[in-house]
Student: 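Here's a structure for you.
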Amino acid sequence: MTFMPVQHTNLGGHIVAKVIFVPREGAGEERVAASPETVKRLTAMGFSIVVETGAGTASGILDGDFEAAGARIGSASDAAGADVILKVNRPTSSEIMGYRSGAAVFASMDPYGNEAALAEMARAGITAFAMELMPRITRAQSMDVLSSQANLAGYRAVIDAAHEYGRALPMMMTAAGTVPAAKVFVMGAGVAGLQAIATARRLGAVVSATDVRPAAKEQVASLGAKFIAVEDEEFKAAETAGGYAKQMSEAYQAKQAALVAEHIAKQDIVITTALIPGRPAPRLVTRAMLASMKAGAVAVDLAVERGGNIEGSVKGSVASVEGVKVIGYANVAGRVAASASALYAKNLFAFLETMVSKETKEFAVNPDDELVKATMLTHGGQVVHPNFAEAAASFAASAASVAETTTPAAAAPGRKLARTASPVSGETSPDKPKRTRKKTEAATPDKKEGL
């Protein structure tokens with residue numbers, strides 16, 4: 001892959017700024033991919049910003065706030081003329097149909113196990129960037145959407161648990177007697193887990209936590225919580241170079257499960273946050289463990305969207321499992337939409353800023369940049385990310401084989417490209433021919449990397 005900088009489109013002697021489109025997200029998503037602050041900063045960098053009407057309403061940002069920052073309020077159809085689309089979640093099939101070939105799309109793409117969606121974006125000619133694949137290196141800290149959103153998810157998990165818990169969290173000494181402090185156990189001391197620990201401590205609970213990564217022990221202790229784990233030789237080596245938890249052996253899992261089961265029986269609230277990149281969420285809490293908990297106990301499963309850490313948890317609801325209220329809300333960060341949107345928008349801005357020349361204000365993608373290599377999923381009609389290219393190619397070949405046996409020979413009308421200038425460097429290609437698009441099958445459940 002070779003790219004060259006992309007010039008701003010020149011129409012009739014007038015320089016036209018690169019257009020960024022920010023859509024309103026679909027049902028169940030209250031976050032938005034821009035804030036008045038990032039709109040103002042992107043405008044200063046030479047971009048023309050179009051925000052779909054009502055895009056920020058659920059996050060407490062009115063259309064007038066975006067306009068005051070320099071954006072134009074438009075409709076979903078404005079996506080067709082955009083060079084860059086900023087989204088919270090991966091675009092749907094109908095949204096993709098409205099994008100021009102060559103557009104750069106930045107979003108949380110949920111690539112693991114979603115070969116159909118990746119193949120569809122590739123066929124559409126989209127250059128897609130998965131923000132959740134941003135490497136956790138010093139340079140990219142301000143672009144780390146997993147951390148920014150997991151922080152809020154951990155906070156909200158404690159708030160949701162406190163809401164469902166029928167007692168006070170802090171110890172209270174009154175003339176009528178003493179209210180004991182609630183005991184909170186956090187399973188998984190990643191970003192979400194550490195924030196859950198800190199929040200529960202602020203609310204006065206007695207907090208303990210567990211994690212298979214040795215480095216987590218010191219972090220847990222620094223927040224005033226007790227660390228619970230089987231600290232054998234396998235435990236000492238249970239961390240990847242990227243700082244994520246490794247898959248543990250069955251023997252270790254059995255020993256850890258026994259220790260955890262004994263500990264859980266004494267807890268009032270359990271919060272689970274454990275995820276491994278590219279894998280289903282590990283099962284940490286069984287029905288038997290829940291049955292051993294006190295009456296009125298609460299459990300929060302932050303991994304419910306990826307299969308769940310808690311047996312019996314139900315995505316999108318509060319289920320009663322063995323007498324325990326098991327909270328399985330989806331998109332927990334989105335339950336703090338205003339704060340989540342503000343942080344996510346800054347993550348996107350920080351990444352876009354690396355692609356804009358400070359001297360010429362040209363937008364260009366450098367394929368040799370480590371951030372681009374880590375996050376770019378599709379480009380030039382292909383899935384280019386090495387972790388997903390083979391699976392997507394296999395899916396596309398399978399889909400094509402099925403199509404040949406079931407689809408009539410006559411081709412459907414193609415989609416006319418809205419513009420010819422590409423936002424990716426080196427793609428100053430002439431008008432492309434119309435092409436036939438087929439609707440892909442539904443994507444499989446997400447297994448993206450963890451909290």
Student: Can you name the residues that form a ring pair (Phe, Tyr, Trp, His ring centres under 6.0 Å) with Phe351, not counting sequence neighbours?
Tutor: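 By the ring pair (Phe, Tyr, Trp, His ring centres under 6.0 Å) rule, Phe351 matches Phe106, Phe129.
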Student: Please, which pairs that meet salt bridge (charged side-chain N to carboxylate O under 4.0 Å, His left out) have at least one residue in residues 332-346, sequence neighbours excluded?
Tutor: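 Those involving residues 332-346 are Glu37-Lys346, Asp160-Arg335.
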Student: Please enumerate all residues that pass side chain to side chain donor-acceptor pair (under 3.5 Å) together with Glu25, with sequence neighbours excluded.
Tutor: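 Glu25 satisfies side chain to side chain donor-acceptor pair (under 3.5 Å) with Lys87 only.
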Student: Do side-chain atoms of Asn309 reach the backbone of Pro282 as a donor and acceptor pair under 3.5 angstrom?
Tutor: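 The answer is yes, because a donor-acceptor pair under 3.5 Å joins these two groups.
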Student: Among pairs that include at least one residue of residues 181-210, which meet salt bridge (charged side-chain N to carboxylate O under 4.0 Å, His left out), considering only residues two or more places apart or in two chains?
Tutor: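 Those involving residues 181-210 do not exist here.
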Student: Given side chains that start at C-beta, do those of Phe47 and Val356 come closer than 4.5 Å, heavy atoms only?
Tutor: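 In short, these two side chains touch, coming nearer than 4.5 Å.
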Student: What's the separation between atom CE in Met131 and atom CG in Asn89, rounded to the nearest 0.5 Å?
Tutor: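 Met131 atom CE to Asn89 atom CG measures 13.0 Å (nearest 0.5 Å).
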Student: Applying the side-chain contact (heavy atoms from CB on, under 4.5 Å) criterion to Leu343, which one of Asp144, Asn151, Val336, Leu152 satisfies it?
Tutor: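 Per the side-chain contact (heavy atoms from CB on, under 4.5 Å) rule, the option paired with Leu343 is Leu152, out of Asp144, Asn151, Val336, Leu152.
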Student: Using modelled atom types only, decide if a donor and an acceptor are shared between the side chain of Ser59 and the backbone of Gly56 within a distance under 3.5 Å.
Tutor: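 Checking the backbone N and O of Gly56 against the side chain of Ser59, no donor-acceptor pair under 3.5 Å is found.
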Student: Checking Asp65 now: which residues fulfil side chain to side chain donor-acceptor pair (under 3.5 Å) with it, not counting sequence neighbours?
Tutor: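 For Asp65 there are no side chain to side chain donor-acceptor pair (under 3.5 Å) partners, ignoring immediate neighbours.
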Student: Quick one: pull up CG in Leu42 and CD1 in Ile20 and give me the separation to the nearest 0.5 Å.
Tutor: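 Here the interatomic distance stands at 4.5 Å.
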Student: Heavy atoms only: give me the nearest Ala82-Phe21 pair and the separation to one decimal.
Tutor: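 Looking at all heavy atoms of both residues, the closest pair is CB-CB, 3.6 Å.
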Student: Is Met121 close to Ile96 at the side-chain level, that is, under 4.5 Å between some pair of heavy atoms?
Tutor: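 Touching, per the 4.5 Å side-chain cut-off.
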Student: How long is the straight-line distance from CD of Glu370 back to CZ of Arg139, given to the nearest 0.5 Å?
Tutor: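 It comes to 5.5 Å.
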Student: When rounded to the nearest 0.5 angstrom, what is the spacing between NZ in Lys325 and CD1 in Ile269?
Tutor: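 It is 11.0 Å, given to the nearest 0.5 Å.
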Student: Give the minimum heavy-atom separation between Val19 and Gly81, together with the two atoms involved.
Tutor: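 In this case the closest contact between Val19 and Gly81 is CB-O, 3.9 Å.
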Student: May I ask you to decide if Val32's main-chain N or O and Ser341's side chain share a donor-acceptor pair within less than 3.5 Å?
Tutor: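 Answer holds: yes.
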Student: Take Glu311 and Val321 through the test side-chain contact (heavy atoms from CB on, under 4.5 Å) and record every step on the way to the result.
Tutor: CA-CA 8 Å; Glu311 187 176 5; Val321 184; over 6 Å; no
Student: Let me see the working for Tyr344 and Ser108 under side-chain contact (heavy atoms from CB on, under 4.5 Å), right down to the final yes or no.
Tutor: CA-CA 10 Å; Tyr344 184 76; Ser108 291; 3.9 Å; yes
Student: Quick one: does Leu290's side chain get under 4.5 Å of Val326's, heavy atoms only?
Tutor: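 They are in side-chain contact.
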Student: Is any side-chain heavy atom of Phe363 closer than 4.5 Å to a side-chain heavy atom of Leu352?
Tutor: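 When only atoms from C-beta onward are counted, Leu352 and Phe363 do touch, with a gap below 4.5 Å.
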Student: Can we say Lys217 and Asp211 salt-bridge, meaning some charged N sits less than 4.0 Å from an Asp/Glu carboxylate O?
Tutor: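 No, Lys217 and Asp211 are not salt-bridged.
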Student: Are any side-chain N or O atoms of Arg90 and backbone N or O atoms of Asp110, one a donor and one an acceptor, separated by less than 3.5 Å?
Tutor: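 Pair found, side chain donor or acceptor close to backbone of Asp110.
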Student: Who pairs with Gln256 by side chain to side chain donor-acceptor pair (under 3.5 Å), at least two apart in sequence or on another chain?
Tutor: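 Checked Gln256 against side chain to side chain donor-acceptor pair (under 3.5 Å); matches are Thr210.
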Student: Got a sec, which residues hit side chain to side chain donor-acceptor pair (under 3.5 Å) with Thr375, two or more places apart in sequence or on another chain?
Tutor: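 Thr375: no side chain to side chain donor-acceptor pair (under 3.5 Å) contacts found.
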Student: For Ala130, which residues count as a side chain to side chain contact (heavy atoms under 4.5 Å, CB included) partner, sequence neighbours excluded?
Tutor: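 Result, side chain to side chain contact (heavy atoms under 4.5 Å, CB included) vs Ala130: Met109, Glu132, Leu133, Leu377.
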Student: Measuring only between side-chain heavy atoms, which start at C-beta, is His385 closer than 4.5 Å to Pro111?
Tutor: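 No, side chains not in contact.
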Student: Check whether Ser357 reaches the backbone of Glu362 with its side chain - one donor and one acceptor, N or O, closer than 3.5 Å.
Tutor: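 No, Ser357 side chain to Glu362 backbone: no donor-acceptor pair under 3.5 Å.
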Student: Measuring from atom CG of Asn331 to atom NZ of Lys315, what distance do you get when rounded to the nearest 0.5 angstrom?
Tutor: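 Here the rounded value is 9.5 Å.
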Student: Applying side-chain contact (heavy atoms from CB on, under 4.5 Å) to Leu203 and Val158, what does each step give before you reach the verdict?
Tutor: CA-CA 9 Å; Leu203 293 176; Val158 176; 3.8 Å; yes
Student: At their closest point, which heavy atom of Val314 faces which heavy atom of Ala319, and how far apart are they?
Tutor: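 Taking Val314 first and Ala319 second, the nearest heavy atoms are CG2-CB, 3.9 Å.
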Student: Which atom pair, heavy atoms only, marks the closest approach of Ala225 to Ile197?
Tutor: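 Result for this residue pair: CB-CG2, 3.7 Å.
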Student: With the side chain counted from C-beta on, respond yes when Thr127 and Val365 share a heavy-atom pair under 4.5 Å apart, and no when they do not.
Tutor: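 With C-beta onward as the side chain, the pair stays apart.
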Student: Taking only residues two or more places apart in sequence or in another chain, which ones pass side chain to side chain contact (heavy atoms under 4.5 Å, CB included) with Arg72?
Tutor: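 In terms of side chain to side chain contact (heavy atoms under 4.5 Å, CB included), with neighbours along the sequence ignored, Arg72 is linked to Val50, Asp78.
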Student: What residues form a side chain to side chain contact (heavy atoms under 4.5 Å, CB included) with Ser142, not counting sequence neighbours?
Tutor: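 Here the qualifying residues are Ala350.
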Student: Does any part of the side chain of Ile264, heavy atoms only, come nearer than 4.5 Å to the side chain of Met187, both counted from C-beta?
Tutor: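 Answer yes - side chains close enough.
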Student: When you measure from the side chain of Thr273 to the backbone N and O of Gly188, does any donor-acceptor pair fall under 3.5 Å?
Tutor: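 Side chain of Thr273 to backbone of Gly188: a pair is present.
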Student: For a side-chain contact (heavy atoms from CB on, under 4.5 Å) check, start with the C-alpha distance between Leu371 and Ile137, then their side-chain angles and the critical distance, and finish with the verdict.
Tutor: CA-CA 10 Å; Leu371 306 184; Ile137 58 177; 4.1 Å; yes
Student: Write down the atom of Val184, the atom of Ala205, and the distance for their closest heavy-atom approach.
Tutor: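 That would be CG2-CB, 3.6 Å.
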Student: Do the non-hydrogen side-chain atoms of Ser147 and Arg136 ever get within less than 4.5 Å of each other?
Tutor: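 Answer yes - side chains close enough.
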Student: Any chance you could measure Tyr99, atom OH, to Ile126, atom CD1, to the nearest 0.5 Å?
Tutor: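 So the gap between those two atoms works out to 6.5 Å.
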Student: How close do His263 and Ser208 get, counting heavy atoms only, and between which atoms?
Tutor: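 Looks like NE2-OG, 2.7 Å.
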Student: Under the side chain to side chain contact (heavy atoms under 4.5 Å, CB included) test, which residues partner Ala338, sequence neighbours left out?
Tutor: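 Partners of Ala338 by the side chain to side chain contact (heavy atoms under 4.5 Å, CB included) criterion come out as none, since no residue qualifies.
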Student: So does Phe349 have more than 12 non-hydrogen atoms from other groups sitting under 6.0 Å from CZ?
Tutor: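 Enclosed: over 12 neighbouring heavy atoms sit under 6.0 Å from CZ of Phe349.
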Student: Does anything in residues 43-63 form a salt bridge (charged side-chain N to carboxylate O under 4.0 Å, His left out)? List the pairs, not counting sequence neighbours.
Tutor: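 Non-adjacent pairs meeting salt bridge (charged side-chain N to carboxylate O under 4.0 Å, His left out): Arg24-Glu52.
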Student: Please answer whether the main-chain N or O of Gly334 pairs with a side-chain N or O of Glu29 as donor and acceptor at a distance below 3.5 Å.
Tutor: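 Pair absent, no side-chain N/O of Glu29 close to backbone of Gly334.
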Student: Do Asp301 side-chain atoms and Ser313 backbone N/O form a donor-acceptor pair below 3.5 Å?
Tutor: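 No, Asp301 side chain to Ser313 backbone: no donor-acceptor pair under 3.5 Å.
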